Number of protein chains: 2
Amino acid sequence: MKRGKIEIKPCTECTVSSNGVFCSVSEKNLGILDQARGSNFYKKGQTIFYEGNHTNGLFCIYSGKVKLSKLGENGKEQIIRFAKTGNILGYRSLLSNDTYHAPATAMEDCHVFLLSKDRFMEILESDPKLSMNIVQLLSNDLKSAEQLLIDIAQKSVIERISESLVLLQKTFGYVNGGKTINVALTRSEIADIAGTTTETTIRTLVQLDKEGIIKLVDKKINILDLQKLIQRAKIYD
Amino acid sequence: MKRGKIEIKPCTECTVSSNGVFCSVSEKNLGILDQARGSNFYKKGQTIFYEGNHTNGLFCIYSGKVKLSKLGENGKEQIIRFAKTGNILGYRSLLSNDTYHAPATAMEDCHVFLLSKDRFMEILESDPKLSMNIVQLLSNDLKSAEQLLIDIAQKSVIERISESLVLLQKTFGYVNGGKTINVALTRSEIADIAGTTTETTIRTLVQLDKEGIIKLVDKKINILDLQKLIQRAKIYD
DNA sequence: TAGTTTTTATGATATATGTCATTTTATTAA
DNA sequence: TTAATAAAATGACATATATCATAAAAACTA
């Protein structure tokens, strides 16, 4: 963990995102954030918080990619959201005074800041712009969750898999401007986004490959025809 | 529509709920609400707002029951939430400056107050307690939506139908302390909660009836053994 | 009250997707 | 580099649930 190599900027000089919830916060409050924040590293595969743990603060991703999932009664995982550099985590549970209900797992090595609940609430109360940002964040999450709900309830597997790929490309983009989706996932994890099994996911990806819509190269997924993929996903918006 | 018979109290004397979002609002702001509110009646089956319509305000249910659904690409409906006396509607779209994404339909005759967006935002900005309530409301909605998502993705039909019945009983209670769920729904609507078809819903309800867990009397559904129903739904929380 | 429409009920059948088993291919560790 | 482990791929088969068809009952409505 060559921590010394990573240059970590203070919150007051943060440039990781242009539309994060803290972007509109005052210089003074950013200073408070700096003093209050703790810093954690997580290796790929590590759990950032466990389902059922009591909420102790807010996480802010400085680098890396995170998946938020939820475990069904049978133990099967459902991925409900992704988070990347500049995003915050844990606010849902924190704000409804709840235990965490969706375990977060590092999809690659992550550098994450932790802000205590008390300190966050303090800044939140003194900054109406921030609370408006949080409201918008929650609204958008709710909108996505409802959309995912209806997709899983009503779409076929190939539509859901296609949609999952579109979501991944929208969220993480391409590897330096190419056609390769900029995130590494196993087939089983893709299954956990689309709400299906690993085998069915493999078969479906192979089918999309044969149709010339995507190209599978090892674990990399290239999107050859995004328009067709969106069509296959029956996304109209 | 014997409107004269219904006694409508001003917001300052509102007693319809003890935990509504406006319950903690100051007397002064309640007065403003009174002056600002418009009043609408909707007959059973009428749509309160349509998907895609531009957001013009916030709805507050004075009496009646409402279902919020979402239409899939194939036109099939998925019910995502219910609202009843004291609940508010339309805040999700309003707060993310969006068109409505979930049409709301009156499940019985409804009396609904309408508050303009501007006036609501005005009160919201002047009342930190209110904005905190809204944050909590959104958090809870998000939690439920994620739960419903994983249920529909992973549970079997009988589990989902059982869970839907438990939800209905929790939300609307029993008809005067008895065993009859205090809401009238068609089998097709129950299917739209559980994310299945009308036929499968009918068969499943008959099965639960045969098992002695519920008792179907015309359109009324009686819950004979709530504990067993919860077990059947695989609800553990 | 009779007639029309909607809802509930039930059977027969189809099918998408899950499950289980096995092989091949990658990835990781020793 | 080899061994060990994990992931991907593919086939055979099972099954839950959808779909289609029809009938019976209930709820409107003229």
Side-chain angles (χ1 to χ4, degrees), chain A residues 43-46 72-78 105 107-109 151-165 181 183-211 214-222 232 234, chain B residues 43-46 72-78 105 107-109 151-165 183-210 214-222 232 234:
Chain A
K43 293 225 70 123
K44 179 177 180 174
Q46 272 194 304
E73 279 316 324
N74 44 22
K76 181 158 170 54
E77 192 175 333
Q78 173 70 45
T105 313
M107 293 164 67
E108 45 185 61
D109 292 3
D151 288 343
I152 288 192
Q154 299 186 2
K155 285 187 177 177
S156 70
V157 162
I158 194 162
E159 288 163 357
R160 269 141 53 201
I161 296 276
S162 302
E163 184 153 38
S164 302
L165 296 180
I181 299 176
V183 67
L185 291 173
T186 64
R187 305 291 135 106
S188 157
E189 282 176 307
I190 296 174
D192 292 341
I193 310 170
T196 180
T197 60
T198 309
E199 295 94 322
T200 300
T201 301
I202 290 169
R203 283 181 241 267
T204 307
L205 287 174
V206 168
Q207 188 189 334
L208 288 169
D209 183 299
K210 277 181 185 154
E211 290 183 21
I214 65 172
K215 179 101 203 102
L216 302 170
V217 186
D218 303 329
K219 288 187 72 169
K220 305 268 174 204
I221 298 174
N222 299 327
R232 219 78 178 69
K234 296 217 177 124
Chain B
K43 294 226 69 120
K44 178 178 180 173
Q46 272 193 305
E73 279 315 324
N74 44 23
K76 182 159 170 51
E77 192 175 333
Q78 173 70 45
T105 313
M107 294 162 68
E108 44 186 59
D109 293 1
D151 289 342
I152 288 192
Q154 301 185 0
K155 286 186 177 177
S156 70
V157 162
I158 195 164
E159 287 163 359
R160 270 142 52 202
I161 296 275
S162 301
E163 184 153 37
S164 302
L165 296 181
V183 65
L185 291 173
T186 64
R187 305 291 135 105
S188 158
E189 282 176 306
I190 296 173
D192 292 341
I193 310 171
T196 181
T197 60
T198 309
E199 294 94 322
T200 300
T201 302
I202 290 169
R203 282 182 242 265
T204 307
L205 287 175
V206 168
Q207 187 188 333
L208 288 170
D209 183 299
K210 277 179 187 156
I214 64 171
K215 178 101 202 101
L216 302 170
V217 186
D218 302 329
K219 291 189 71 169
K220 305 267 174 204
I221 298 174
N222 299 326
R232 220 77 178 70
K234 297 219 177 119

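Fair warning: this is a prediction, and the values are worked out from it, not measured in the lab. Proteins get letters first, then strands, A, B, ... in listed order; numbering begins at 1 in each.
With sequence neighbours left out, the side chain to side chain contact (heavy atoms under 4.5 Å, CB included) criterion links B:Asn74 to A:Gln154, B:Lys76. Applying the salt bridge (charged side-chain N to carboxylate O under 4.0 Å, His left out) test to A:Lys155 and every residue at least two apart in sequence or in another chain returns A:Asp151, A:Glu163. A:Glu108 is linked by a side chain to side chain contact (heavy atoms under 4.5 Å, CB included) to A:Lys65, counting only residues two or more places apart in sequence or in another chain. Remark: B:Arg203 engages B:Glu199 in a side chain to side chain contact (heavy atoms under 4.5 Å, CB included) (not counting sequence neighbours). Applying the side-chain hydrogen bond (donor to acceptor under 3.5 Å, both in side chains) criterion to A:Asp109, with sequence neighbours excluded, gives no partner residue. By the side chain to side chain contact (heavy atoms under 4.5 Å, CB included) test, A:Thr200 is found to be paired with A:Val157, A:Thr196, A:Thr197, A:Thr204, residues two or more places apart in sequence or in another chain being considered. With sequence neighbours excluded, no residue satisfies side-chain hydrogen bond (donor to acceptor under 3.5 Å, both in side chains) with A:Gln46. Taking B:Arg187 as the reference, nothing meets the salt bridge (charged side-chain N to carboxylate O under 4.0 Å, His left out) condition, with sequence neighbours excluded. Under the salt bridge (charged side-chain N to carboxylate O under 4.0 Å, His left out) criterion, B:Glu73 pairs with no residue at all, not counting sequence neighbours.
Within the 4.5 Å cutoff, the side chain of B:Thr198 has heavy atoms near those of the B:Ile202 side chain.
First and last contacting nucleotides of DNA chain C toward chain A (any atom under 4.0 angstrom from a heavy atom, 5' to 3' order): C:dT17 to C:dC20.
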Practice problem: Encode nucleotides 6-22 of chain D as B, S and - characters from 5' to 3', where the letter depends on protein heavy atoms closer than 4.0 Å: B to the base, S only to sugar-phosphate, - to neither. | Solution: --SBBBB----SSBB--
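Comparing the axis of the opening five pairs of the helix from C:dT1-D:dA30 to C:dA30-D:dT1 with that of the closing five pairs yields an angle of 50°, rounded to 10°.
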